[in-house]
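This report refers to the structure that appears directly beneath it.
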Amino acid sequence: MNLDNIITLLTQEFSNQSLMDNLSHISQLHRIQGSTNFLEATHYIQSILNEAGIKNTLNEFPADGRSEIWGWIAPISWDIMSAELQLVKPIKKRLIRFKDFPMGVITHSKAADFEAAVIDAKKGDKGEDYEGAHGKVALITASPRQVFQLASQHGVKGLILHPNPQRALDIGGKAVQYDGFWPIENNLSDVSAGFSISQKQYLEIKQFLDEDKEVIVHFRVNANLKHGQLHVLEAVIEGSEYPLEEVIFIAHLCHPSPGANDNASGSASILELILSLNHLIQSQRIPAPKRTLRFLWVPEFSGTIPWLKQYYDNKEILAVLNLDMVGESPSIIGTPLQISSPSLSSPSFLDVLIEWIAEKVAAYPIKSNDG
Ligand SMILES: [Zn+2]
């Protein structure tokens with residue numbers, strides 16, 4: 001059977017509706033690496049694989065902020081239940097609520113319930129930025145992960161991140177940035193609570209500060225940081241002739257809700273791919289692959305590293321296809337698909353194959369059964 005036939009059959013089998021339903025389910029979960037919601041997302045995919053009779057395994061690795069592999073330290077588990085940032089003075093106003101906007105809470109924020117005055121610490125990456133900040137909440141533009149220890153040394157109670165003017169130009173006045181503390185065991189005690197607000201919200205607060213008005217906010221965070229697990233889900237279609245030679249499909253399942261593009265899209269796509277391939281093989285419309293196809297749903301980096309470490313070394317990985325943010329339209333965002341060849345130092349058939357497939361796909365009237 002040639003590749004043209006397989007592409008035609010796969011296109012007929014593939015269901016956009018099923019893919020979108022799964023994407024929508026995954027995107028409702030706040031899937032931070034090592035969180036209960038991430039685990040829930042793996043259970044959801046696992047139940048679909050089980051229903052289709054596809055062999056799968058859920059691997060567990062520590063998320064304790066101290067386990068080290070190849071110089072990389074595992075993150076710490078974090079679960080968030082609710083959070084809210086209220087402006088209390090000079091006017092009462094809700095700025096961020098987790099329920100409405102999960103990305104407005106800095107990942108790994110500690111539990112908090114306090115009122116404090118706000119100061120503008122500018123970038124917040126130098127000691128002098130935090131002058132007079134003791135016991136207060138600091139507005140910063142630097143990444144919290146880079147400055148939270150410095151802020152803690154100056155007695156800062158909480159952090160509010162906002163985009164710097166250049167960043168605001170790039171992302172717009174109403175967008176907030178996603179960021180986290182990413183602590184490890186050694187600096188865990190320096191972590192505070194943090195929110196991420198838009199430039200528009202920052203400018204309103206700055207106006208009050210410029211008018212010498214006292215600005216008070218209320219931080220409420222119901223979350224916990226703890227030793228937990230990272231989960232990597234893998235499913236396999238075994239090769240009929242060379243089972244130890246493998247092609248791997250990988251998608252990172254993590255990220256804040258909704259994260260529909262990054263990366264519920266890649267996760268739901270490889271799920272629909274294995275379901276389609278499995279169904280075509282079971283119904284004998286295509287032969288079983290000669291080599292093993294392995295599908296992985298991982299917490300980005302943090303799950304790939306321990307998984308690779310434990311991966312059996314008697315197997316040969318022939319190729320890896322990573323599906324990351326496949327849900328966007330390149331023509332809308334103005335970024336063409338770029339294909340890079342393997343370097344000359346690691347010659348492979350892959351560059352010839354990918355060029356051939358890219359030309360095929362470009363010429364192919366791709367439409368699934370449901371349009
Ligand atoms: Zn991503």
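Read the numbers this way: they start at 1 and go in the same order the structure lists the ligands and their atoms. Residues take their numbers from the sequence shown, with the count starting at 1. All values derive from a computational prediction rather than experimental measurement.
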Using the ring pair (Phe, Tyr, Trp, His ring centres under 6.0 Å) rule, collect all pairs that involve residues 33-57, keeping only residues at least two apart or in two chains.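 Only H25-Y44 qualify under ring pair (Phe, Tyr, Trp, His ring centres under 6.0 Å).
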Please examine the side chains of T292 and E245, heavy atoms only from C-beta on, and report whether any two atoms are closer than 4.5 Å.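 No, too far: nothing below the 4.5 Å cut-off.
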Taking both backbone and side-chain atoms into account, decide whether E300 has an N/O/S atom under 2.8 Å from the Zn ion (ligand 1).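 Under 2.8 Å: E300 has no N, O or S contact with the Zn ion (ligand 1).
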Under 2.8 Å: N/O/S of H255 next to the Zn ion (ligand 1):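 So H255 does not count as coordinating the Zn ion (ligand 1).
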Say whether V156 and I119 are linked into one hydrophobic cluster, either directly or through other cluster members, by side-chain heavy-atom distances under 4.5 angstrom.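 Looking at the clustering, I119 is in a separate group from V156.
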So, for I184 and I76, which heavy atoms are closest and what is the spacing to 0.1 Å?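 Of all heavy-atom pairs spanning I184 and I76, the closest is C-CD1, 4.0 Å.
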Quick one: the OD1 of D262, the Zn ion (ligand 1), OD1 of D324 angle, rounded to 10°, please.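 Rounded to 10°, it measures 100°.
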